[in-house]
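Below is one structure; the comments refer to it alone.
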Amino acid sequence: MSHPVDSAVSAVRSYIEQHRAAFLDDLVEWLRIPSVSAQPDHAPDVRRSADWLAAELRATGFPTVEVWPTPGAPAVYAEWPSGDPLAPTVLVYGHHDVQPAAREDGWDTDPFEPVVRDNRLYARGAADDKGQVFFHTLGVRTHLAATGRSAPAVTLRLLIEGEEESGSPHFRDLVERQAERLTADAVIVSDTGMWSEDTPTVCTGMRGLAECEIRLFGPDQDIHSGSFGGAVPNPATALARLVAALHDEHARVAVPGFYDGIVELTDRERELFAELPFDEERWLRTARSHAVHGEAGHSTLERVWARPTAEVNGIGGGYQGPGSKTIVPSSAFVKLSFRLVAGQEPEHVEKAVRAWAAEQLPAGIRHEITFSPATRPCLTPLDHPALQSVVRAMGRAFETPVRFTREGGSGPAADLQEVLGAPVLFLGISVPSDGWHAPNEKVEVDLLLKGVETAAHLWGDLAENWRRAP
């Protein structure tokens, strides 16, 4: 029995196919610009990249396009009002800067001379993130052509930053300064990926991050362990005990109050994670590790996506050279990072860690704790209407069930959620084999066009299913 043809899907695909070659030609032109934000010599290229994108967005039809300066690299802002006062406003986030790359790093071709082989586009930034930013240009044009509209079904705003690969040092200040113009009902982040080519997925959350360095001080200088050892406190020993006390026997973080307020996984979310075709042995090979380990009662995916953690990132103290040096060292240090999940407040975690550390240390050991600026976690509920629109749009494009993931890392998405008070949704088509930050970065051309197709369906679905109250 034949299925009825979805005329909207057919119209979208027809338009994309007609404009495929020109779209790829334009993307290749952008990828040739070495917009490496981490290298000062490329600052003019990052500016050129911003100007290039601004011109392309004007050509796409956005009536408002601006290059926003920062103390570092510029961002690009664009806006296209829908004309419908009840339509939601959507902000798309991405970045136009890229990681450093050179042929001698192991590239088969020049990283800034894009090539297409086997329907894969190879270039620095092809997947991270120029390709995933650029699919929105053809996506909105396709949306208009397929629906006959002269403006998008939603008010569409874009913020494409130029410093993401350098840690987004000025991004939050920019968002706070421009918060009124960036106001949105939802944020779409297109700087992410899918589980695999055969398993399209939507990410529903990212963990946050708090980092600190703890320094312990004992004697005012290194002293002879024969003359004084066993009679004065040793900061290296105290540090070892401190680190050993960080977790309990079930690999749970033992800092009192650390888990306060966390949003626990629902049974449905655990079921959805379990549906993914996860190969733990293959994952271990990717991790260059020999056994899984973590909080008891949770799967590996749950541990890296939806549970908070505490990790020792570096530790030191005392004599580090060859042979021996029989001393009681004067100081020792440890660097810790805490991945945070929805419901955890970085300020609360910082206070809890400070109180816990003070309680662990013996008399005669002075300590200092320095915390870096934190990143808050973000999480979108599975039943949020905007998330459901993303799932439906991706499902129409891929014609297969869409699964759900989270991400264990952190990014500027949390700043957008916190400052703008809007839910963050993730729309990305990159797959693990694309090699972000690695030699021979690439994007699958067919998946890139599926991103175009998804975006073309998304704006109408959001307007139809998530309207503001009159």
Side-chain angles (χ1 to χ4, degrees), residues 12 15-37 45-46 48-62 65 67 74-80 90-99 111-116 119-145 152 156-162 164-165 188-194 393-394 397 426-431 434 436 441-459:
V12 163
Y15 187 88
I16 292 171
E17 186 57 34
Q18 292 170 23
H19 295 83
R20 168 191 177 119
F23 167 75
L24 292 174
D25 287 346
D26 288 341
L27 176 56
V28 163
E29 183 180 331
W30 193 22
L31 290 169
R32 287 196 176 107
I33 302 174
S35 50
V36 181
S37 61
D45 294 315
V46 181
R48 186 157 59 97
S49 171
D51 291 339
W52 188 97
L53 177 59
E56 187 67 25
L57 292 174
R58 293 186 188 101
T60 297
F62 281 86
V65 181
V67 175
V76 179
Y77 172 79
E79 180 175 356
W80 198 336
V90 180
L91 175 68
V92 173
Y93 166 85
H95 63 91
H96 67 93
D97 64 320
V98 299
Q99 280 280 309
F112 296 105
E113 279 299 328
V115 296
V116 177
N119 209 28
R120 294 168 175 167
L121 174 58
Y122 291 85
R124 176 58 88 221
D128 181 24
D129 184 36
K130 287 180 177 177
Q132 300 202 90
V133 167
F134 201 59
F135 75 59
H136 284 286
T137 61
L138 183 54
V140 69
R141 295 205 317 268
T142 305
H143 163 64
L144 298 178
L156 190 57
R157 293 172 175 161
L158 272 64
L159 179 62
I160 313 302
E161 74 158 315
E164 194 275 345
E165 300 292 9
I188 300 290
V189 173
S190 286
D191 183 23
T192 185
M194 307 191 308
M394 184 172 276
F426 297 85
L427 171 56
I429 51 75
S430 183
V431 290
D434 285 345
W436 290 25
E441 177 185 346
K442 56 87 175 171
V443 69
E444 302 285 337
V445 172
D446 287 344
L447 293 184
L448 190 63
L449 297 176
K450 288 298 183 186
V452 174
E453 195 174 337
T454 300
H457 293 306
L458 178 58
W459 312 132

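For this chain, numbers begin at 1 and follow the sequence in order. The model shown is predicted, which means the values in this text are computed figures rather than measured ones.
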Heavy-atom closest pair, residues Val98 and Gly125
CG1-CA, 3.8 Å
Answer whether the closest heavy-atom distance between the side chains of Asp45 and Phe112 falls below 4.5 Å.
no
Electrostatic pair Lys450-Glu453, nearest N-O below 4.0 angstrom
yes
So CD of Glu17 and OG1 of Thr142: to nearest 0.5 Å the spacing works out to 11.5 Å
Go through it in stages, so that I can follow the logic: the residues are His143 and Val12, the test is side-chain contact (heavy atoms from CB on, under 4.5 Å), and I'd like the CA-CA distance, side-chain angles, deciding distance and then a yes or no.
CA-CA 7 Å; His143 163 64; Val12 163; over 6 Å; no
When you look at Val452 and Leu448, which way does the side-chain contact (heavy atoms from CB on, under 4.5 Å) test go after all the steps?
CA-CA 7 Å; Val452 174; Leu448 190 63; 5.6 Å; no
Between Phe23 and Phe135, is the ring centre distance below 6.0 Å?
no
CG of Leu57 to CD of Glu79, rounded to nearest 0.5 Å, is 12.5 Å
For the residue pair Leu458 and Ile188, establish whether any side-chain heavy-atom pair is separated by less than 4.5 Å.
yes
Non-hydrogen atoms of Ser37 and Asp97 that approach each other most closely:
OG-OD2, 2.7 Å
Which residue, Lys130, His96, His95, Arg124, forms the side chain to side chain donor-acceptor pair (under 3.5 Å) with Ser35?
Lys130
Do you know the tightest heavy-atom contact between Ala397 and His457?
N-CD2, 4.4 Å
Does any part of the side chain of Leu158, heavy atoms only, come nearer than 4.5 Å to the side chain of Val76, both counted from C-beta?
no
Are the side chains of Pro114 and Leu121 in touch, meaning some heavy atoms are under 4.5 Å apart?
yes
Starting at OG1 of Thr192, measure out to CH2 of Trp436 and round the result to the nearest 0.5 Å.
6.0 Å
Measure up the Trp30 and Phe134 rings against each other and bin them: parallel (under 30°), tilted (30 to 60°), perpendicular (over 60°).
tilted
Glu164 and Asp191, any side-chain heavy atoms less than 4.5 Å apart
yes
Nearest heavy-atom pair of Met194 and Gly428: which atoms, and what distance?
CG-O, 3.1 Å
Any Ile429 side-chain heavy atom under 4.5 Å of Val443 side chain:
yes
Show your reasoning for whether side-chain contact (heavy atoms from CB on, under 4.5 Å) applies to Asp128 and Asp434.
CA-CA 9 Å; Asp128 181 24; Asp434 285 345; over 6 Å; no
For Tyr93, all residues meeting ring pair (Phe, Tyr, Trp, His ring centres under 6.0 Å), sequence neighbours excluded
Phe171
Nearest-0.5 Å distance, OG1 of residue Thr454 to NE2 of residue His136
9.5 Å
Ser190 versus Gln132, closest heavy-atom pair with distance:
O-CB, 3.5 Å
Looking only at non-hydrogen atoms, find the nearest pair between Leu159 and Ala75 and report the distance.
CD1-CB, 4.2 Å
Using 0.5 Å steps for rounding, measure from the CG atom of Leu138 to the CZ atom of Arg141.
5.0 Å
Would you say the side chain of Glu441 lies within less than 4.5 Å of the side chain of Pro111, judging by non-hydrogen atoms?
no
According to side chain to side chain donor-acceptor pair (under 3.5 Å), who are the partners of Glu165, at least two apart in sequence or on a separate chain?
Gln99, His437
Any side-chain heavy-atom pair of Val140 and Leu156 under 4.5 Å
yes
Rounded to the nearest 0.5 Å, how far does CZ of Arg20 lie from CG of Asp446?
6.0 Å
